[in-house]
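Whatever order the structure lists ligands and atoms in, that order sets their numbers, starting from 1.
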Amino acid sequence: MNYYSTNDKAPIATLEKAVIKGLAEDKGLYMPERIKPLPKEFFEHIEKMSFQEIAYKVAECFFGEDVDCESLKNIVYDTLKFDCPVEKVAENIYTLELFHGPTLAFKDVGARFMARLLQYFLKKGGEYIRSNGAERKNNEVNVLVATSGDTGSAVANGFLGVEGIHVYVLYPKGKVSPIQECQFTTLGKNITAIEIDGVFDDCQALVKSAFMDEELNKNMMLTSANSINVARFLPQAFYYFNAYARMKERGLAEKLVMCVPSGNFGNICSALFGKRMGLPVKRFIAANNANDIFFNYLQTGEYHPKASVQTIANAMDVGDPSNFARIYNLYKGNHKAICNDISGATYKDQEIRNIMQECYSNTGYVLDPHGACGYQALKDGLKEGEMGVFCETAHPAKFKSTVDEILSSDIEIPARLQEFMKGEKKSVEMGKDFESFKAFLLSE
Ligand SMILES: *Cc1c(COP(=O)(O)O)cnc(C)c1O
């Protein structure tokens with residue numbers, strides 16, 4: 001399968017090139033040339049299939065032309081060593097807990113999948129690697145990732161110890177939770193954490209500049225592991241097919257509305273690809289915190305990126321969502337068509353606090369600040385006869401101090417998270433100017 005750029009000014013790329021380059025030459029995002037629909041029979045029996053079986057079928061549609069069956073199956077099964085349950089929270093409202101992966105983040109799936117796919121191409125010595133790796137110092141692939149918390153931990157852990165790949169995690173100093181910070185600053189090995197004196201958008205800008213820098217690219221093979229990378233964002237579609245199956249198992253899959261707390265819009269974008277492949281979901285809701293750029297686009301038809309504002313749902317503090325370009329492209333820029341499939345919601349910090357308290361006292365379910373936006377968007381937006389599933393994108397323990405303060409609780413930190421907190425923090429401190437970052441990379 002070939003991939004084109006959302007800006008339409010870059011050459012068509014193979015999957016291998018799209019995964020290694022991340023961003024196209026014209027700064028656009030790669031899109032698959034075709035989106036293969038899944039046959040009707042697949043959906044008729046989907047409730048009898050496991051998460052892993054469903055995911056393999058979906059992965060075949062995306063990557064089956066470029067990766068042999070055996071390898072693809074291994075990649076999928078190695079990525080999904082856990083289940084992804086759906087639980088009832090309130091009347092007509094179900095939660096899809098996306099935090100059962102190794103770092104308790106939904107991004108674990110895309111991160112691990114991408115690491116294994118890259119490894120596959122490195123081992124195979126594909127054409128892009130042969131023609132671009134040779135003249136450099138070594139054949140190593142360098143993954144640059146900007147994070148406001150969850151991406152860094154998921155990517156660092158997904159790539160940890162994978163031969164031939166070095167990961168640089170850039171994060172805004174003092175703006176990620178202590179537990180998240182531990183998840184990428186204590187690993188060592190092929191993972192380097194870089195602490196930037198700035199906000200998330202500064203980190204993302206540094207990464208983008210690095211990809212555009214000729215000298216850097218001459219010296220090192222660089223790739224991204226943000227949701228701009230096709231191998232990171234597409235596998236997230238597995239979740240939505242599985243959620244549909246688990247709701248169908250309960251006989252509740254009619255008029256399904258899925259609600260996704262969104263920041264860079266990679267997760268919801270993968271769900272929209274799912275819909276295009278035939279997933280029978282009636283519509284989607286993108287739930288935002290106070291960063292309401294997409295919400296405003298839906299209301300006005302105009303997209304005006306702005307600086308992100310800091311909120312208690314910080315993994316969604318994005319002022320210029322990178323995957324907007326993909327959604328826009330998927331719907332050929334048709335505002336009305338986008339509004340037919342997606343509606344929006346936006347909640348300020350104080351509203352998020354109230355939502356978390358309301359849900360806890362009425363249902364006993366502990367929401368994290370991100371999931372809270374999803375839950376409320378369903379409460380506010382579900383119509384007569386519709387059934388709602390919202391993604392709970394983070395384990396509440398990841399935001400323990402915030403959650404405990406709001407709920408007057410003392411939630412338990414899962415053993416898997418506690419392990420990370422025992423390690424020694426190691427990071428490189430840096431300003432937000434590109435020259436220092438570039439000099440650092442070149443000196444490595
Ligand atoms: C990454 C993340 C999001 C936003 O996902 P996007 O794909 O960037 O829209 C929401 N909640 C949590 C907890 C996250 O880590």
Would you mind writing out a table of all protein N or O atoms found under 3.5 Å from any N or O atom of ligand 1, naming both atoms and giving the distance to 0.1 Å?
unit_1: ligand 1; atom_1: 7 (O); unit_2: Gly266; atom_2: N; d: 3.2
unit_1: ligand 1; atom_1: 7 (O); unit_2: Asn267; atom_2: N; d: 2.9
unit_1: ligand 1; atom_1: 8 (O); unit_2: Asn264; atom_2: N; d: 2.8
unit_1: ligand 1; atom_1: 9 (O); unit_2: Gly263; atom_2: N; d: 2.8
unit_1: ligand 1; atom_1: 9 (O); unit_2: Asn264; atom_2: N; d: 3.3
unit_1: ligand 1; atom_1: 9 (O); unit_2: Phe265; atom_2: N; d: 2.8
unit_1: ligand 1; atom_1: 11 (N); unit_2: Thr393; atom_2: OG1; d: 2.8
unit_1: ligand 1; atom_1: 15 (O); unit_2: Lys107; atom_2: NZ; d: 2.5
unit_1: ligand 1; atom_1: 15 (O); unit_2: Asp150; atom_2: OD2; d: 2.7

Heavy-atom closest pair, residues Cys259 and Gly374: SG-O, 3.3 Å
For Glu351, salt bridge (charged side-chain N to carboxylate O under 4.0 Å, His left out) partners two or more places apart: none
Results of salt bridge (charged side-chain N to carboxylate O under 4.0 Å, His left out) for Lys107 - residues two or more places apart only: none
In terms of side-chain heavy atoms, does Tyr239 have a donor or acceptor partner in Asn267 at a distance below 3.5 Å?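 The criterion, which ignores hydrogens and geometry beyond distance, is not satisfied for Asn267 and Tyr239.
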Go through the side-chain N and O atoms of Asp26 and Ser5 and say whether any donor and acceptor fall under 3.5 Å apart. yes
For Ala156, enumerate each residue passing the side-chain contact (heavy atoms from CB on, under 4.5 Å) test, keeping only those at least two apart in sequence or located in another chain.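 Partners of Ala156 under the side-chain contact (heavy atoms from CB on, under 4.5 Å) test: Val169, Phe184, Leu187, Ile191.
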